[in-house]
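The structure appears below as structure tokens.
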Amino acid sequence: TANGVELQSGSTVSSTGNGAVFASITMMGTGGTANDGIHIDGSIESVNGNIQLNGVTSNADGDDGLDLDAGQIQSTGTGTILLVGNGQTNGLEIDSSITSNSGTITLQSVDDSIEVELSGNVTSTSGNVTIAADMTAGGAAGQFLMADGSDVLVGMGTIGIDAEGDITIGLLQTNDASNVAVTIDTATGGVIEAGNASTLNIDATAGRAVINAVTGVGSADALETNLA
């Protein structure tokens, strides 16, 4: 069986409206055995239109709900980005770039993990970034996993990460000046440093970070932070 929706390398889905009239981009896909709900190797681009992708695997032998394998997902105006996945390996696997201008970026996994690989990055100029791994309480204890060297970069917005299980972070960086510039909350796990590719794990020089964890924060290797 095949991926539910597959965007191949070199292909582009775009919404170019930047005034009062613009179109949103919505995709929903269900993948079968050993496949993804949505698999992206091309580009999804918008200006003011919102981007919403929802991928799910149909059985216990499926792979990722949504796999951004290559290409990019980009909003250059006010458009928001919402990615939702419900898979067997991961809800979301991010191997490439997700970028917004002023629109928010929201990543959600229904009952499993979100994984950001080394080549994956999430960037917003002024929109908040919100990540929720395993939104089903008491479910699979899904994790948020960043590879060493991956990053979440925000100009003037906040970064919020919530997971049922462990949260492993590479670099989280924002210029937001609030007391909740970065929030990290795990219901059953700990907060773990991905590695030492970056000299910092949390860089919010104008703001503060709030961390809630059950099994420890940086217990194996201390988190490096730069906070107000």
Side-chain angles (χ1 to χ4, degrees), residues 64-68 73 81 83-85 89-100 104-109 112-125 127-135 140-228:
D64 299 321
L66 189 154
D67 185 357
L68 177 59
I73 298 174
I81 298 173
L83 308 184
V84 182
T89 304
N90 292 300
L92 303 176
E93 183 171 336
I94 309 301
D95 297 277
S96 193
S97 63
I98 301 170
T99 307
S100 81
T104 60
I105 298 175
T106 304
L107 310 180
Q108 297 177 342
S109 172
D112 30 40
S113 298
I114 297 175
E115 188 166 357
V116 182
E117 301 288 359
L118 176 60
S119 54
N121 58 80
V122 179
T123 305
S124 178
T125 301
N128 297 337
V129 173
T130 304
I131 299 167
D134 192 353
M135 298 186 297
Q143 303 178 59
F144 177 62
L145 303 165
M146 296 181 69
D148 188 17
S150 64
D151 47 51
V152 176
L153 307 176
V154 179
M156 294 304 297
T158 60
I159 300 172
I161 301 173
D162 181 87
E164 183 82 6
D166 289 337
I167 294 174
T168 301
I169 59 175
L171 170 62
L172 308 177
Q173 184 180 72
T174 177
N175 293 320
D176 186 83
S178 72
N179 289 336
V180 289
V182 177
T183 59
I184 301 172
D185 193 345
T186 165
T188 65
V191 179
I192 302 167
E193 182 190 44
N196 296 307
S198 174
T199 56
L200 289 171
N201 300 114
I202 302 175
D203 187 6
T205 56
R208 297 182 179 181
V210 178
I211 301 176
N212 296 307
V214 175
T215 61
V217 176
S219 58
D221 194 356
L223 302 183
E224 280 79 39
T225 65
N226 187 8
L227 301 168

Where do [X] and [Y] come nearest, in terms of heavy atoms and distance?
X: Ser124; Y: Ser100; value: OG-OG, 2.9 Å
X: Asp134; Y: Glu164; value: OD2-CB, 3.5 Å
X: Ile167; Y: Asp185; value: CD1-O, 3.6 Å
X: Ile192; Y: Leu223; value: C-CD2, 4.1 Å
X: Glu117; Y: Ser150; value: O-CB, 3.4 Å
X: Val129; Y: Val152; value: CG1-CG1, 4.0 Å

Short question: side chain of [X], backbone of [Y] - any donor-acceptor pair under 3.5 Å?
X: Asp148; Y: Asn196; value: yes
X: Ser119; Y: Ser96; value: no
X: Asn128; Y: Thr158; value: yes
X: Thr225; Y: Leu227; value: no
X: Ser113; Y: Gln143; value: yes
X: Thr215; Y: Gly190; value: yes

Distance from [X] atom [atom1] to [Y] atom [atom2], nearest 0.5 Å?
X: Glu93; Y: Ser109; atom1: CD; atom2: OG; answer: 12.0 Å
X: Ile105; Y: Leu83; atom1: CD1; atom2: CG; answer: 8.5 Å
X: Thr183; Y: Arg208; atom1: OG1; atom2: CZ; answer: 15.0 Å
X: Met146; Y: Ile114; atom1: CE; atom2: CD1; answer: 11.5 Å
X: Ile73; Y: Ile81; atom1: CD1; atom2: CD1; answer: 6.5 Å

task: Not counting sequence neighbours, which residues clear side-chain contact (heavy atoms from CB on, under 4.5 Å) with Asp151? List them please.
output: Asn121, Leu153, Leu171
message: What I'd like to find out is whether the side chain of Val214 reaches to under 4.5 Å of the side chain of Thr186, using heavy atoms alone.
response: no
message: Are Leu172 and Ile161 packed together at the side-chain level, in the sense that at least one heavy-atom pair is separated by less than 4.5 angstrom?
response: yes
field: Name of the residue among Leu92, Leu107, Val84 meeting side chain to side chain contact (heavy atoms under 4.5 Å, CB included) with Leu66
entry: Leu92
field: With Phe144, the side chain to side chain contact (heavy atoms under 4.5 Å, CB included) member among Val116, Asp166, Val191
entry: Val116
Pairs of donor and acceptor atoms involving the side chains of residues 199-206, under 3.5 Å and at least two apart or interchain, shall be tabulated with distances.
residue : atom : partner : partner atom : Å
Asn201  : OD1  : Glu224  : N            : 2.9
Asn201  : ND2  : Gly170  : O            : 3.0
Asp203  : OD2  : Gln173  : NE2          : 2.9

- request: Go through the steps for Asn90 and Asp112 under the test side chain to side chain contact (heavy atoms under 4.5 Å, CB included), then give the verdict.
  value: CA-CA 6 Å; Asn90 292 300; Asp112 30 40; 5.9 Å; no
